[in-house]
There are 2 protein chains.
Amino acid sequence: MDEISFTPRELDVMSILWRAGSGTVSEVRDALGEALAYTSVLSVLQTLEEKGHVRHESEGRAYRYFPTVEPEAAGDSALARIRDAIYQGSAEMLFAQLVSDRGLGRPELERMRRMLAERLKEEES
Amino acid sequence: MDEISFTPRELDVMSILWRAGSGTVSEVRDALGEALAYTSVLSVLQTLEEKGHVRHESEGRAYRYFPTVEPEAAGDSALARIRDAIYQGSAEMLFAQLVSDRGLGRPELERMRRMLAERLKEEES
DNA sequence: TCCTGTCAACGGGTTCTTCCGTAGTAGGTG
DNA sequence: CACCTACTACGGAAGAACCCGTTGACAGGA
């Protein structure tokens, strides 16, 4: 249990790195919704590196940053926190909320059903 | 879209209020895992009240605090943030992660399947 | 009456977060 | 060389979050 957590701004940046695989300061800055100063983005990246969530390599004169944390690990931590704090520890209740989303269409729901079936079959062992 | 969000400590406190329905400062303090000073807990509650997430009524000499936000609403906001930032907007990927949890037993998984089936039937309309 | 215990209000210290300006470095160009 | 540009390092301001001590109000008991 590594207790992964990010501040809102850090999450914005990590999200971009996960999506793209890596990024220079400028790339992250461009991908960011809000217009931040170059040095602001750099600061966030440096903080993330200090905390061990990203690393960098030199690329020409610039640094290229890579996430060192898998999104799945971050997701696990985040979901566990939500499950415990908001759904009183019940994955089922969280699940119910997820499934009740009106925005979900039939195809997604079908695929979810398939995943669940796979998982249940696997449970046999 | 009300953009509900809590700091970690605020979430601890809200969690207790949701669980119990309401609470005085002392009750929340006792229910809290960590040992905080009375006034620390009071501060959190006052901040939450300022932000409109709880309200209070007098009970004897003390205040009793009630959540004014439903956990479902907070859950929606939190799940949407995770979905967008960590799972690139895909509810399915989030779902896959949820289902892959080794801690889930057959009974939970069965109930999830039932919920999903209900939801799918409902989708017919 | 006086003391003790419980309570909310207030203020303040410390750290974290967010954002950016400035300074310094190094490469390329005229 | 002088100059411009793209980059990182550093420091710091402003505000949020976190935690608590002190104060004053009030009730109940000795």
Side-chain angles (χ1 to χ4, degrees), chain A residues 2-17 20 22-69 74 77-78 81 85, chain B residues 2-17 20 22-69 74 77-78 81 85:
Chain A
D2 265 9
E3 268 308 317
I4 305 171
S5 76
F6 301 105
T7 67
R9 187 55 87 203
E10 284 173 356
L11 189 56
D12 289 342
V13 171
M14 289 305 295
S15 176
I16 290 167
L17 293 183
S22 71
T24 63
V25 177
S26 292
E27 286 169 5
V28 171
R29 184 167 116 97
D30 291 344
L32 223 36
E34 299 160 68
L36 290 189
Y38 181 94
T39 48
S40 304
V41 179
L42 175 62
S43 289
V44 177
L45 257 345
Q46 285 172 338
T47 304
L48 282 168
E49 184 158 44
E50 215 169 277
K51 294 186 184 174
H53 301 314
V54 305
R55 63 182 178 81
H56 76 264
E57 291 176 6
S58 281
E59 180 181 273
R61 297 204 286 124
Y63 287 174
R64 175 162 295 277
Y65 288 87
F66 299 83
T68 58
V69 184
S77 292
R81 263 193 302 279
Chain B
D2 264 10
E3 269 308 317
I4 305 171
S5 76
F6 301 105
T7 67
R9 186 56 86 201
E10 285 174 356
L11 189 57
D12 289 342
V13 170
M14 289 304 296
S15 176
I16 290 166
L17 293 183
S22 72
T24 62
V25 177
S26 292
E27 287 168 5
V28 171
R29 184 167 116 98
D30 290 345
L32 223 37
E34 298 160 70
L36 290 190
Y38 180 95
T39 48
S40 304
V41 179
L42 175 62
S43 288
V44 177
L45 257 344
Q46 284 171 338
T47 304
L48 282 168
E49 185 158 44
E50 216 168 276
K51 294 187 185 174
H53 301 315
V54 304
R55 63 182 177 79
H56 76 263
E57 290 175 6
S58 282
E59 180 181 274
R61 297 203 289 125
Y63 287 173
R64 174 162 296 277
Y65 288 87
F66 299 83
T68 59
V69 184
S77 291
R81 263 193 303 279

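Letters A, B, ... mirror the listed sequences (proteins, then strands); counts begin at 1.
- Checked by atom type and distance alone, the side chain of A/S15 never pairs as donor or acceptor with a backbone atom of A/L11 at under 3.5 Å.
- Using a 4.0 Å heavy-atom distance criterion, A/Y38 is classed as a base contact.
- Separating the CG atom of B/L36 from the P atom of D/dG21 is a distance of 11 Å, rounded to the nearest angstrom.
- The two atoms that bring A/L17 and A/L45 nearest to each other are CD1-CD1, 4.1 Å, heavy atoms only.
- Nucleotides of DNA chain C lying under 4.0 Å from heavy atoms of chain B occupy a range whose first and last members, 5' to 3', are C/dG5 to C/dA9.
- Distance alone, capped at 3.5 Å, is enough to place a donor-acceptor pair between the A/T68 side chain and the A/G52 backbone.
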Do any N or O atoms of the protein come closer than 3.5 Å to N or O atoms of nucleotides 10-18 of chain D, and which pairs are they?
unit_1: D/dC18; atom_1: OP2; unit_2: B/T7; atom_2: OG1; d: 2.5

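- Not one N or O on the side chain of A/S40 forms a donor-acceptor pair closer than 3.5 Å with the backbone of A/L36.
- Not a single donor-acceptor pair under 3.5 Å links the side chain of A/E50 to the backbone N or O of A/T47.
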Quiz item: Which is it for B/V25 and B/Y65 under the side chain to side chain contact (heavy atoms under 4.5 Å, CB included) test, yes or no, and what are the steps along the way?
Solution: CA-CA 8 Å; B/V25 177; B/Y65 288 87; 4.0 Å; yes
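- Atom P of nucleotide D/dT8 and atom CZ of A/R29 are separated by 12 Å, given to the nearest angstrom.
- Here the side chain of B/E49 pairs no donor or acceptor atom with the backbone of B/Q46 at under 3.5 angstrom.
- Note on B/V25: only backbone sugar-phosphate atoms sit closer than 4.0 angstrom, heavy atoms only; bases stay farther off.
- A salt bridge between A/E34 and A/R29 is absent, with no side-chain N of the basic residue lying under 4.0 Å from a carboxylate O of the acidic one.
- One atom, CD of A/E27, and another, C1' of D/dA6, lie 14 Å apart when rounded to the nearest Å.
- Using modelled atom types and a 3.5 Å distance limit, the side chains of A/R64 and A/S22 yield a donor-acceptor pair.
- Salt bridge annotation for A/R55-A/E57: present, with a cationic side-chain nitrogen under 4.0 angstrom from a carboxylate oxygen.
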Atom pairs under 3.5 Å: protein N/O with N/O of nucleotides 26-30 of chain D:
unit_1: D/dC26; atom_1: O2; unit_2: B/R61; atom_2: NH1; d: 3.3

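- In summary, the aromatic rings of A/H56 and A/F66 are positioned with their centroids too far apart to meet the 6.0 Å limit.
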